[in-house]
Amino acid sequence: MKISIFIFFLLIITGCSKDNDSNSNCETVFNPNGPAFIKVINNRSETVQVYFGDFNLSIGAQLRSGVCEIYGVPVKNRAVEISTLDGTKSKDIFVDAKEGETTTITVGADFF
């Protein structure tokens with residue numbers, strides 16, 4: 001049990017230190033080994049939906065206000081869809097996911 005917790009903690013620390021900017025408040029929520037990474041920071045006052053549908057494995061996550069999450073993804077040029085929970089606003093961000101690099105998407109008040 002203690003070994004499992006240590007390994008889990010180690011994977012989160014490893015995932016959060018993939019780039020040079022501060023990821024200390026970010027949580028790696030999917031595939032901490034990458035090989036590429038997308039960091040999404042939600043600075044809006046509402047929760048948003050983050051969807052990676054163009055990768056081999058489609059994933060989606062709800063990102064609360066004030067939260068930062070890191071997702072390990074395959075190396076490919078793909079779209080990330082970010083939308084409001086009610087679906088009234090949506091935006092596709094095209095990402096060139098490169099091995100060992102982190103692409104940051106900041107969702108602010110004027111994002112949509």
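- No donor-acceptor distance shorter than 3.5 angstrom exists from the side chain of Asn42 to the backbone of Val67, with no hydrogens or angles considered.
- The distance from the CZ atom of Arg78 to the CG atom of Asp96 is 11.0 Å, given to the nearest 0.5 Å.
- In this structure, CD on Glu69 lies 11.5 Å from CD1 on Ile41, to the nearest 0.5 angstrom.
- Side-chain contact of Thr84 with Glu46: a donor-acceptor pair under 3.5 Å is absent, judged by distance alone.
- By the criterion of side-chain heavy atoms lying less than 4.5 angstrom apart, applied directly or through intervening Ile, Leu, Val, Met, Phe, Trp or Tyr residues, Val50 is grouped together with Phe112 in one hydrophobic cluster.
- In this structure, CG in Leu63 is found 8.0 Å from CD1 in Ile82, a value given to the nearest 0.5 Å.
- How far OG1 of Thr104 is from CD1 of Ile93: 12.5 Å, rounded to the nearest 0.5 Å.
- Side-chain contact between Ile105 and Phe111 is present, with heavy atoms from C-beta onward closer than 4.5 Å.
- The two residues Ala36 and Ala97 make their nearest non-hydrogen contact at CB-CB, 3.8 Å.
- Taking CG from Asn77 and NZ from Lys98, the interatomic distance works out to 8.5 Å, rounded to the nearest 0.5 Å.
- In this structure the side chain of Val73 never reaches within 4.5 angstrom of the side chain of Asn31, judged on heavy atoms.
- Interatomic distance, CD1 of Ile70 versus OG1 of Thr103, reported as 11.5 Å (0.5 Å rounding).
- Side-chain atoms of Gln49 and Tyr51 include no donor-acceptor pair closer than 3.5 Å.
- Residue Phe52 forms a ring pair (Phe, Tyr, Trp, His ring centres under 6.0 Å) with just one option from Tyr71, Phe37, Phe30, and that option is Tyr71.
- Judged by distance alone, with hydrogens and angles left aside, the side-chain atoms of Lys39 form no donor-acceptor pair with the main-chain N or O of Thr102 at under 3.5 Å.
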